[in-house]
Structures are given as C-alpha cells and as structure tokens.
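Notes follow the structure.
It should be emphasised that the depicted structure is a prediction, and the values quoted were computed from it without experimental measurement.
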Amino acid sequence: MFRLELADFLRSEQEYIPHTAVLVTRLFDKQGGCVEISDFAPRMRLHGRMFFPRMLIRRVSKCAGSPRVRVRVRPLFDNGIVVPEVTSGSHHIRYVGPELTLRLTTDASVSAVLEERHFYLDEHVTFVLGADETLHERVDEIGRRFLDETILYWQEWVRSLFVPVDWQEEVIRAAITLKLNAFDDTGAIVAAMTTSLPEHPDSGRNWDYRYCWLRDAYFVVNALNRLGATRTMERYLQYILNVAAETGTRALQPVYGISGEAALVERIVPGERLPRHGAGAGGQPGV
C-alpha cells in the first residue's frame with residue numbers, strides 16, 4: 001500500500017495527462033485546500049536507448065489553501081504474506097524483504113511517513129519508490145525531470161500512431177493501455193496488469209494474468225500493428241522465436257513466463273494469512 005490521505009477530505013477528481021500514462025489526482029478539503037498528485041513510472045530515451053527503471057514516482061503539489069496530508073507506505077512481500085523489516089536514513093526508508101529490498105527516497109519528513117502523521121504541505125514533495133539504490137541527485141529534481149521526459153516520450157509515441165478520425169481519444173487511451181502490457185526486456189506481452197483475481201467469489205478460478213498467453217498477446221500485437229506501432233510486434237516475434245527454440249519439437253504451451261520460462265508453478269495463498277490494514281482515519285479515501 002502506498003496511500004496519500006488529505007485531512008478533512010471533501011472530494012476528488014482524476015485524469016490522465018493527455019496522450020500519456022501519467023495519472024493526475026486532485027484532492028479537495030472542506031476548507032478550500034487542494035493537492036495534486038502525479039503518479040507515473042519513468043519511461044524515456046537516455047543516451048540513445050530506452051530507459052525504464054523499475055521505479056514509481058509520486059509528486060504531490062499544493063494547489064490551494066493549507067492542506068494537511070498523511071502518507072502511508074506499507075509494502076508487503078511474497079503475495080502479501082511477509083511484512084518487511086523497515087530501516088531509515090535522513091532522506092530514505094528501506095523495506096527489506098526476503099528476496100527484495102525497496103527504497104523510498106523523499107524530501108518529505110521521513111519521521112512523518114514512518115509514523116503516518118499528518119503534515120502541512122508547503123509547496124510540493126516527491127516520493128521515489130524503487131530499487132535499493134542511492135539517488136545521486138536531489139529527489140525533487142529527479143521527479144520533475146523524469147516527469148517531463150516521461151510525458152515527452154508518451155506524447156511522441158502517440159504522434160507516431162495512425163489514429164482513425166472517429167473515436168480518437170478512446171483509441172489513443174486504449175493503445176497506451178495495450179502498450180503498457182508489453183515487457184520491453186524480452187518482448188513478452190502480459191495478459192493484464194492484475195493477478196489472482198477470481199472470476200467470481202469462491203470460484204477457485206484465479207489466473208495469474210502477469211504471464212504471457214500466446215493467443216491473447218496476438219490480439220494486442222494485431223491491434224497495435226493496425227495503428228502503426230510495429231515495434232511491439234517485432235519484439236514479440238523475437239520472444240516467440242526464443243520460446244520456440246527452447247521448446248524444440250514439442251508443441252507450444254498456451255502460456256509462458258515473461259522471460260520465456262515454460263515451468264509455471266501455481267500456488268494458493270490462504271486469505272486468512274494476509275495482514276490486514278485499516279482504512280484511513282474516519283474511513284476517508286486516499287490515493
């Protein structure tokens with residue numbers, strides 16, 4: 001969980017920056033205060049190649065009034081079973097799991113984040129959640145620069161599409177969503193962003209859509225191809241060739257891992273073992 005709550009919350013609104021995958025949320029309080037939250041995964045061209053670090057960035061800015069916010073960061077590991085060990089420094093918090101350590105770097109009060117206390121938002125704060133690596137620039141500068149470059153990347157990608165005259169905005173939004181399912185490292189295409197959601201309660205049919213289902217991936221490639229985004233198809237064909245080379249004379253499976261692995265181990269995580277966290281104070285919504 002990575003949650004931001006606004007004291008005396010009144011209402012919210014949400015939208016994407018046009019022709020990008022950058023999500024903007026505005027929270028309004030009962031005194032006329034407002035904060036704007038920009039959430040994105042960095043994606044840009046750097047040194048002549050694509051740069052897409054495993055990182056989430058959240059920039060929070062004051063729009064009006066004197067808003068007070070509270071930040072709750074509670075990552076879990078091993079499908080929500082393991083609560084990490086937490087350590088901190090002057091500008092960061094580390095969440096140490098059995099196989100992965102995450103680092104949250106911020107220019108907000110580390111104590112306020114650790115203790116989940118409300119604090120007045122002066123101008124803006126930035127949160128960078130990613131690998132356990134030291135940032136060598138000021139976190140606000142990285143957040144601003146990565147945001148600008150990510151917006152530029154997506155808008156340039158959209159300009160390269162052959163978009164039909166009718167339903168342009170809807171087609172562009174769908175194309176961006178499909179593009180987000182492509183794993184650039186290998187060319188695999190995941191079926192969806194979700195995992196382990198049952199078809200209906202107690203059905204037992206919980207599929208891990210983070211795998212690459214070959215048939216589903218074809219429809220994604222075909223749709224993007226019709227819009228002129230052929231690079232996704234080229235990378236997917238490379239993925240298929242590598243899978244086929246490993247398979248040899250055997251028939252292809254319906255589904256593979258995003259690295260091309262054929263052995264996919266499934267297991268059930270009992271729901272009663274999952275740690276439970278309460279809602280915000282007074283049940284107030286957050287983002």
More than 12 heavy atoms of other residues, nucleotides or ligands under 6.0 Å from [atom1] of [X]: yes or no?
X: Gln253; atom1: CD; result: yes
X: Arg226; atom1: CZ; result: no
X: Glu170; atom1: CD; result: yes

Between [Y] and [X], is there a side-chain heavy-atom distance shorter than 4.5 Å?
X: Leu23; Y: Gln14; answer: yes
X: Asn242; Y: Glu246; answer: no
X: Val128; Y: Phe146; answer: no
X: Pro42; Y: Phe51; answer: no
X: Val73; Y: Ile93; answer: no
X: Tyr256; Y: Thr247; answer: yes
X: Leu227; Y: Lys179; answer: no
X: Arg103; Y: Thr105; answer: yes

Minimum heavy-atom distance between [X] and [Y], given as atom pair plus value:
X: Ile57; Y: Gly143; answer: CG2-CA, 4.2 Å
X: Val96; Y: Phe77; answer: C-CE1, 4.3 Å
X: Arg173; Y: Ala21; answer: NH1-CA, 4.4 Å
X: Ala191; Y: Trp213; answer: CB-CD1, 3.7 Å
X: Leu100; Y: Leu102; answer: CD2-CD2, 4.0 Å
X: Thr232; Y: Ala182; answer: CG2-CB, 4.2 Å

Ignoring hydrogens and angles, tell me if any N or O in the side chain of [X] forms a donor-acceptor pair with the backbone of [Y] under 3.5 Å.
X: Tyr239; Y: Ile258; result: no
X: Lys62; Y: Glu123; result: no
X: Thr20; Y: Tyr16; result: no
X: Gln155; Y: Pro18; result: yes
X: Ser12; Y: Leu27; result: no
X: Asp8; Y: Asp29; result: no

* **Worked verdict on Arg138 versus Asp107 for side-chain contact (heavy atoms from CB on, under 4.5 Å)** => CA-CA 8 Å; Arg138 284 176 39 177; Asp107 50 2; over 6 Å; no

To the nearest 0.5 Å, what is the distance between [atom1] ([X]) and [atom2] ([Y])?
X: Ile176; Y: His19; atom1: CD1; atom2: NE2; result: 7.0 Å
X: Leu147; Y: Thr126; atom1: CG; atom2: OG1; result: 9.5 Å
X: Glu137; Y: Ile142; atom1: CD; atom2: CD1; result: 4.5 Å
X: Phe9; Y: Lys30; atom1: CZ; atom2: NZ; result: 10.0 Å
X: Leu252; Y: Leu214; atom1: CG; atom2: CG; result: 6.5 Å
X: Thr101; Y: Glu99; atom1: OG1; atom2: CD; result: 11.0 Å

* To do: Test side-chain contact (heavy atoms from CB on, under 4.5 Å) on Phe183 and Arg235 and set out the steps.
  => CA-CA 9 Å; Phe183 183 51; Arg235 295 291 294 130; over 6 Å; no

* **Derivation of the side-chain contact (heavy atoms from CB on, under 4.5 Å) call for Asp216 and Val220** => CA-CA 7 Å; Asp216 295 37; Val220 173; 6.0 Å; no

Do [X] and [Y] sit in one hydrophobic cluster, given that two such residues count as connected whenever their side-chain heavy atoms are within less than 4.5 Å of each other, even indirectly?
X: Leu178; Y: Ile172; answer: yes
X: Leu121; Y: Leu10; answer: no
X: Val158; Y: Phe52; answer: yes
X: Phe2; Y: Val22; answer: no
X: Val243; Y: Val221; answer: yes

N/O donor to acceptor pairs below 3.5 angstrom from side-chain atoms of residues 31-38, sequence neighbours left out:
unit_1, atom_1, unit_2, atom_2, d
Glu36, OE1, Arg26, NE, 3.0
Glu36, OE1, Arg26, NH2, 3.3

* Assign the ring pair Trp157 / Trp154 to parallel, tilted or perpendicular, where the plane angle (0 to 90°) is split at 30° and 60°. => perpendicular

* **Partner residues of Ala108 under the side-chain contact (heavy atoms from CB on, under 4.5 Å) criterion, sequence neighbours left out** => Thr106, Phe119, Val125, Phe127

Result block: side-chain N/O donor-acceptor pairs under 3.5 angstrom for residues 83-91, not counting sequence neighbours:
unit_1, atom_1, unit_2, atom_2, d
Thr87, OG1, Arg94, NH1, 3.1

* Test side-chain contact (heavy atoms from CB on, under 4.5 Å) applied to Arg72 and Arg74, step by step -> CA-CA 6 Å; Arg72 297 181 177 215; Arg74 300 176 181 177; 3.5 Å; yes

* To do: Determine, step by step, whether Glu5 and Arg70 satisfy the salt bridge (charged side-chain N to carboxylate O under 4.0 Å, His left out) criterion, reporting the C-alpha distance in whole Å, the side-chain angles of both residues, the deciding distance to 0.1 Å, and the verdict.
  => CA-CA 5 Å; Glu5 299 171 355; Arg70 171 167 57 187; 3.0 Å; yes

